Protein chains: 2
Amino acid sequence: MSQRKTTIREVASRAGVSLGTASNVFNGKAGVGAESRQRVLEAAEALGFRPNSLAAGLRRQRTRTIGLVVPDVLNIVFNELVEHLENIALSQSYEVIIVTSREDPEREHERVRALLSRRVDGLVIVPTRDWSATEREMRHHRIPVVVLDRVAAHDHFPSVAVDNAAATRLGTEHLLGLGHRDLAFVINSTRLWNSAARVEGFLAAMRAAGLEKRARVLLPGMTEEETRAGVLPVLTAANRPTAVFTGSNVATLGVLRAVQDAGMAIPQDLSLLAFDDFAWLTVLRPFVSAIRQPTEALAGHAWRILTAAFEAPDRPAEHIRLPAPLIARETTAAPPGKVKAPRRMKAFKDTVDGALP
Amino acid sequence: MSQRKTTIREVASRAGVSLGTASNVFNGKAGVGAESRQRVLEAAEALGFRPNSLAAGLRRQRTRTIGLVVPDVLNIVFNELVEHLENIALSQSYEVIIVTSREDPEREHERVRALLSRRVDGLVIVPTRDWSATEREMRHHRIPVVVLDRVAAHDHFPSVAVDNAAATRLGTEHLLGLGHRDLAFVINSTRLWNSAARVEGFLAAMRAAGLEKRARVLLPGMTEEETRAGVLPVLTAANRPTAVFTGSNVATLGVLRAVQDAGMAIPQDLSLLAFDDFAWLTVLRPFVSAIRQPTEALAGHAWRILTAAFEAPDRPAEHIRLPAPLIARETTAAPPGKVKAPRRMKAFKDTVDGALP
DNA sequence: CTGTTAGCGCTTTCAG
DNA sequence: CTGAAAGCGCTAACAG
């Protein structure tokens, strides 16, 4: 395949300088005469020189590359995370290699090994449900790691995530403040990482309002269709909730389908609040009120912690939890038959008015 | 940062064999005794050896890595392309590094240079609108390249795409077959790669039916909002079309919004056919009829051509154009006031019944 | 079947 | 300020 690429040696010789000098030019090192520098650059241009980062990384023992492991990249939250991390990294002349685990622990492990073989300088990971093997591998290799989004109670590695319980508490208080009393929280499964915390926040807010008896938690299943099927009877029952709070993308999709099946109108018959915002929520009318993850800030913290670890590998693990704002749009309103009490509650100070992303 | 990783030399010495033998084990070379092999593997396991692919690539002059350049990865079409290409590559023990151009020619060029520095063995690219600089760079480096999806009339590189004109012809004939006569084709701009071909196919079908006078092509702009605003007056005019064919994701979103604004019902008041299928089209009721790109087949051809070029770099460029099936779902029906003529036309033989992805 | 050796392209001392 | 030389970890060629 393709003939040999031009090397820095050829560039140097064409420029009439030594190999070392040429190297210094490309690495912005001080101590190269202006004229030499100029000639090196010209020679490189003329020859179409592209430095071999394999050789550089091998010699330098750092690659200025970080690995980013996400379950998937179609999900708007992960996509934004990737995008922001990439922006920061590129601005610091780091590269990022993205790999996807597809929620499969084995694939995750295998992809991480590939990143390790590439000698990435650090790793940011949104782990799968059971990532113990992956974690062990990472610990063994003593490479800086930051866990993002799906954090467990006590992570060995530094972690960055939204404060899930606080976020659902906030959302629940929003619905309560509108006059709702019968609330349902819909999420796929509490076995997933953040889900338990989300349920907990919901229940805490209901308890604080003395409404624990009227709090319903629905776990209809992992798919959109299971959610639709599981939620539909609840929505059409006599004692149906007046508001539904969905704890994940899939749950939101499933509930929307169930609402259509039930022929209900949002927010007249039912209020809906979603966890995680989506780009495509904009096709829906009315616009869906949502808890939005501050992905840019999350990515910023992950980067900061990771690069700090490059300097000082043995610092204690930091654990960041950020508040997630509530974006009140059109799907949350007073319950049917009630007069809305638009008094703004203190708890709503994080609420943001809903400009679309 | 992190202490030195274990090398193949350490593995070899622990296993009591020579460096070369250890290397042969990891590369599956014949001629290693079963016992030696076993001991090497054990030593590697015990030491947590992870081969340094930088060193291997440097020495071997091939990295078993391909670069994949896409505008973006949130778009379902690109996402599927990436996914399929990755699946094939991994199954052949190749790695793929994905970079995103964000539709920015400069960023595209810069990202390609980074891939070149990593010495990828080949490149698959979905180019931006003006990728001449990128293209020149690639030609200079004589690296195998396949252009995917956004192909131009005469590409220097091998190319793989859908036959856009044929696809819109098929879609248009579907609408005509249902009895529609006043059709509008909505797309962002004909300056974009495939868009011109899509418009052409639409017009060709209308011309063939003797309806060129009633064919409308709308170019409302690049954004969803511009599309909504541009299309709305057309939908509410007295001589409104009875069916709309959207030529891109953005156009579809914009039209859906306009339809909602106009208070129209689909398909009772208006039929809608979309180019490109989306996962989230499933939230919409009724299900949107769409032209689906055969992403798996596209990826397969791209891979085949690329790897063929590894063997024989100078073979003439192949140009693949695949048919795109029409998935008739619920948004395309007979026009208002017409009796549907459900006679299946010959041209529909590519039509597939609409199972959701 | 196993061991030795040269060198991939680069960065980084260290002398000049 | 510049040049020569060593070596990062690995594979491939060749000698035993």
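Quick caveat: nothing in here was measured; it's all calculated off a predicted structure. A note on names: the letters A, B, ... follow the listed sequences, proteins ahead of strands, and every chain is numbered from 1.
At whole-Å resolution of the value, CD in A:E10 and C1' in C:dC10 are 13 Å apart. Computed from coordinates, the A:R59 CZ to D:dC10 P distance equals 16 Å when rounded to whole Å. Atom CG in A:L47 sits about 14 Å away from atom P in C:dG9, given to the nearest Å. The distance from atom CG of A:N52 to atom P of C:dT11 is 9 Å, rounded to the nearest whole Å. Nucleotide C:dG9 holds its P atom 17 Å from the CZ atom of A:R60, rounded to whole Å. Across the protein-nucleic acid pair, B:K5 atom NZ and D:dC10 atom P stand 12 Å apart, rounded to whole Å. For the pair A:R9 CZ and C:dC10 P, the interatomic distance rounds to 9 Å; values are reported in whole Å. Remark: C1' of C:dG9 and CG of A:L19 are 9 Å apart, rounded to the nearest angstrom.
Using a 4.0 Å heavy-atom criterion, one finds that A:S53 contacts no nucleic acid atom at all. Among the protein residues, B:G20 comes within range of the nucleic acid bases, having at least one heavy atom under 4.0 Å from a base atom. A:F26 comes within contact range of no nucleotide atom at all, as no heavy-atom separation falls under 4.0 Å. Residue A:L58 is classed as a base contact, given a heavy-atom separation below 4.0 Å to a base. Across all strands, A:N27 comes closer than 4.0 Å only to sugar-phosphate atoms, never to a base (heavy-atom distances). Here B:L54 lies out of heavy-atom contact (under 4.0 Å) with every strand.
Of the candidate nucleotides D:dC10, D:dT11, D:dT2, D:dT2 has the atom lying nearest to any side-chain atom of A:T21. Comparing D:dG3, C:dC10, C:dT2 against the side chain of A:P51 picks out C:dC10 as the nearest. Comparing C:dT2, D:dC10, C:dT11 against the side chain of B:A56 picks out D:dC10 as the nearest. Taking every side-chain heavy atom of A:V17 into account, D:dG3 is the closest of D:dG3, D:dG9, C:dG9.
Residue B:S18 has a polar side-chain atom (N or O) positioned under 4.0 Å from OP1 or OP2 of C:dG3. Put simply, B:Q61 has a side-chain N or O that comes within less than 4.0 Å of OP1 or OP2 on C:dG9.
A salt bridge links A:E95 with B:R111: at least one charged nitrogen is closer than 4.0 Å to a carboxylate oxygen. Between B:E86 and A:R107 a salt bridge is recorded (basic side-chain N to carboxylate O distance below 4.0 Å).
A donor-acceptor contact closer than 3.5 angstrom links the side chains of B:S159 and B:R321.
Between B:R119 and B:T63, the closest heavy-atom pair is O-OG1, 2.8 Å. B:F310 and B:D121 get closest at one heavy-atom pair: CE2-O, 3.2 Å.
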